[in-house]
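Lettering of chains follows the sequences in order, A, B, ..., and the numbering in each one begins at 1.
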Number of protein chains: 2
Amino acid sequence: MDIQAGDFYSALSHPMRLRAALLILKMDELCVCELTHALDLAQPVISRHLAQLKEAGILLARKQGLWVYYRINDALPNWALDVIQTTANGIMDSTPYKDDTQAISTMSDRPNQVCC
Amino acid sequence: MDIQAGDFYSALSHPMRLRAALLILKMDELCVCELTHALDLAQPVISRHLAQLKEAGILLARKQGLWVYYRINDALPNWALDVIQTTANGIMDSTPYKDDTQAISTMSDRPNQVCC
DNA sequence: TTGATATATATCAAAAAGTATATGTATAGT
DNA sequence: ACTATACATATACTTTTTGATATATATCAA
């Protein structure tokens, strides 16, 4: 996997993209509607941010039925995976990141269960 | 030290700011004219980038005579220091970062020796 | 105090990134 | 085939960031 460090940092430089990436790392895999719910963003907005993270090589998308699931691209170079994991370890217990996790956990009708 | 993760990533999201930060990490301390030389940027441009890194809490400045020396702020939270160090370990051997180091090493008249 | 050097800041135009909104596409159920 | 849902993309508009340039400040030496 060849990613430019500049692109990597640019992709994570938007607060919502950072939150999305860290939340996806923590939950392993999330679909667009779950992220829309957790981050309280309009669907086209989150879609575009996810597209940017995917274009930077940070996320992979998997389509399943109506849903598209995003996850961290584990083919990223180790330094990049380390950076994301280290950031998560450092800040996931603080606001707003911990609330995002909470929002996912308490989301009433997640797909694979019912839908969104 | 309280830094917002978003500000941290934003500060490093510009290619020149990332190069400057990694170069400063490697060389411990560099003045503006050394960075201007190594990164081949106009002085006001590098000054502004350095000001942004300082404002984000990533760099500290120390004035000595005519020169201002910048260094990594070691009061950053550990996750942030780890992230920078991990990135450096991962990419400093590749272009353009290795060339920046080379440019500093071969710079003919660095201050503390003669001046710039 | 004059001049030279190093750095910072201000201003403005250009470029990039962001948001909101509308629309398009794909899938699944009826 | 029709409808609803999930997601992506295009468009127009606004805001932010960046780069060039000019100018200001600070330090030191003559």
**Student:** Searching all strands shown, indicate the nucleotide that pairs with C/dG29 (Watson-Crick or G-U wobble; both distances under 3.5 Å).
**Tutor:** D/dC2
**Student:** Expressed as a whole number of angstroms, how long is the span from A/Leu35:CG to D/dC7:P?
**Tutor:** 9 Å
**Student:** Name all pairs fulfilling the side chain to side chain donor-acceptor pair (under 3.5 Å) condition that reach into residues 14-24 of chain A, sequence neighbours left out, sorted by first residue then second.
**Tutor:** A/Arg17-A/His49, A/Arg17-A/Gln52, A/Arg19-A/Asp100
**Student:** With respect to the phosphate group of D/dA6, does any side-chain polar atom (N or O) of A/Tyr69 fall under 4.0 Å of OP1 or OP2?
**Tutor:** no
**Student:** Which residues pass the side chain to side chain contact (heavy atoms under 4.5 Å, CB included) test with A/Lys98, not counting sequence neighbours?
**Tutor:** A/Thr95
**Student:** Return the value, rounded to whole Å, for the distance between atom CG of A/Asp7 and atom P of C/dA17.
**Tutor:** 10 Å
**Student:** From CG of A/Leu41 over to P of D/dA6, roughly how many Å is that when rounded to an integer?
**Tutor:** 17 Å
**Student:** For B/Ser13, what residues pass the side chain to side chain donor-acceptor pair (under 3.5 Å) criterion, not counting sequence neighbours?
**Tutor:** none
**Student:** CG of A/Leu53 versus P of C/dG18: gap in Å, rounded?
**Tutor:** 11 Å
**Student:** Please report, rounded to the nearest Å, how far the P atom of D/dT9 is from the CD atom of A/Glu55.
**Tutor:** 10 Å
**Student:** Between A/Leu50 (CG) and D/dT9 (C1'), how many Å, whole number?
**Tutor:** 14 Å
**Student:** D/dC7 P sits how many Å from A/Lys54 NZ, rounded?
**Tutor:** 13 Å
**Student:** Under 3.5 Å, side chain of B/Thr86 to main-chain N/O of B/Val83, donor-acceptor pair present?
**Tutor:** no
**Student:** Would you mind building the protein contact string for nucleotides 12-26 of chain D? One character per nucleotide, 5' to 3', B for base within reach (heavy atoms under 4.0 Å), S for sugar-phosphate only, - for untouched.
**Tutor:** ------BB-BB---S
**Student:** Could you list the residues that satisfy side chain to side chain contact (heavy atoms under 4.5 Å, CB included) with A/Leu60, not counting sequence neighbours?
**Tutor:** A/Arg71, A/Asn73
**Student:** Among all residues two or more places apart in sequence or in another chain, which pass the side chain to side chain contact (heavy atoms under 4.5 Å, CB included) test with A/Gln43?
**Tutor:** A/Val32, A/Thr36, A/Ser47
